[in-house]
Amino acid sequence: MKGATCVAVLLLLAVGSAAAGEPGKPAGDLQAVAKRFIELLAAGDFATAVKSFDSTMSGALPADKLREVWKTLNTQAGPFQKQTAVRAGKGSEYQVVFVTCRFEKTVLEAKIVFDESKRIAGLFFVPPPSASEWRPPGYARPEAYSDTEVRVGKAEWQ
């Protein structure tokens with residue numbers, strides 16, 4: 001599967017205020033929560049996975065819908081194989097954790113957005129940064145190109 005095909009397999013962003021977690025929880029703990037969340041999806045335990053959602057996400061993506069989304073993702077990207085990395089990011093008032101997931105056909109990042117209460121307020125599956133960078137097409141031959149400075153005409157100010 002090409003990276004762009006699955007950019008928006010799941011695009012849900014919600015804000016809520018359900019209380020859980022400790023306000024001073026460090027980012028490392030959020031990385032562990034995010035990794036555990038992906039483990040629950042891979043194990044098919046959607047009822048437990050949605051317990052970490054804020055109230056808006058719970059309403060928008062209950063366990064049965066989360067199951068459908070995961071099934072669709074696995075149909076398009078191939079069966080989930082494993083997590084390969086985790087990194088933290090920061091949105092405006094949100095903390096973001098990216099969990100790199102290897103599927104049979106591609107690699108995607110689960111972008112998990114946490115609100116100030118450390119609840120999951122958003123979930124996205126996106127290509128990793130390196131997959132979205134431009135690359136020359138396979139037929140390109142960079143060794144056949146050269147740069148040459150060219151001046152056409154005479155500038156008025158000279």
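Values below: every heavy atom of this structure, side chains too, minus hydrogens, waters and symmetry copies. Worth saying up front: this structure is predicted, and the values here are computed from it rather than measured.
- Looking only at side-chain heavy atoms (C-beta outward), Glu109 and Pro129 come within less than 4.5 Å of each other.
- Rounding to the nearest 0.5 Å places CZ of Arg36 at 15.0 Å from CG of Asp29.
- Using a 4.5 Å cut-off between side-chain heavy atoms of Ile, Leu, Val, Met, Phe, Trp and Tyr, with links allowed through other members, Leu66 and Phe125 fall into the same hydrophobic cluster.
- For the pair Asp45 (side chain) and Leu40 (backbone), a donor-acceptor distance under 3.5 Å is absent.
- With hydrogens and angles disregarded, a donor-acceptor distance shorter than 3.5 Å links the side chain of Gln83 to the backbone of Lys35.
- Shortest non-hydrogen contact noted between Phe53 and Ser58 is CB-OG, 3.4 Å.
- Between Phe124 and Phe98 the shortest side-chain heavy-atom distance does not fall below 4.5 Å.
- The side-chain heavy atoms of Met57 and Leu123, taken from C-beta on, include a pair separated by under 4.5 Å.
- Here CD of Gln95 is found 8.5 Å from CZ of Phe114. Values are rounded to the nearest 0.5 Å.
- How far CD1 of Ile112 is from CD of Gln31: 10.5 Å, rounded to the nearest 0.5 Å.
- Taking all atoms of both residues into account, the shortest heavy-atom contact from Leu108 to Ala77 is CD1-CB, 4.4 Å.
- Legend: salt bridge (charged side-chain N to carboxylate O under 4.0 Å, His left out) pairs involving residues 63-85, not counting sequence neighbours: none detected.
- Under the 4.5 Å side-chain criterion, counting only non-hydrogen atoms from C-beta, Leu61 is not in contact with Val50.
- Between Leu41 and Ile38 the shortest side-chain heavy-atom distance falls below 4.5 Å.
- With rounding to the nearest 0.5 Å, the separation of CZ in Phe46 from OG1 in Thr48 is 11.0 Å.
- Going from atom CZ of Phe80 over to atom CD of Glu104 covers 13.0 Å, rounded to the nearest 0.5 Å.
- No more than 12 heavy atoms of other residues, nucleotides or ligands lie within 6.0 Å of CD in Glu149, so this atom counts as exposed by the packing criterion.
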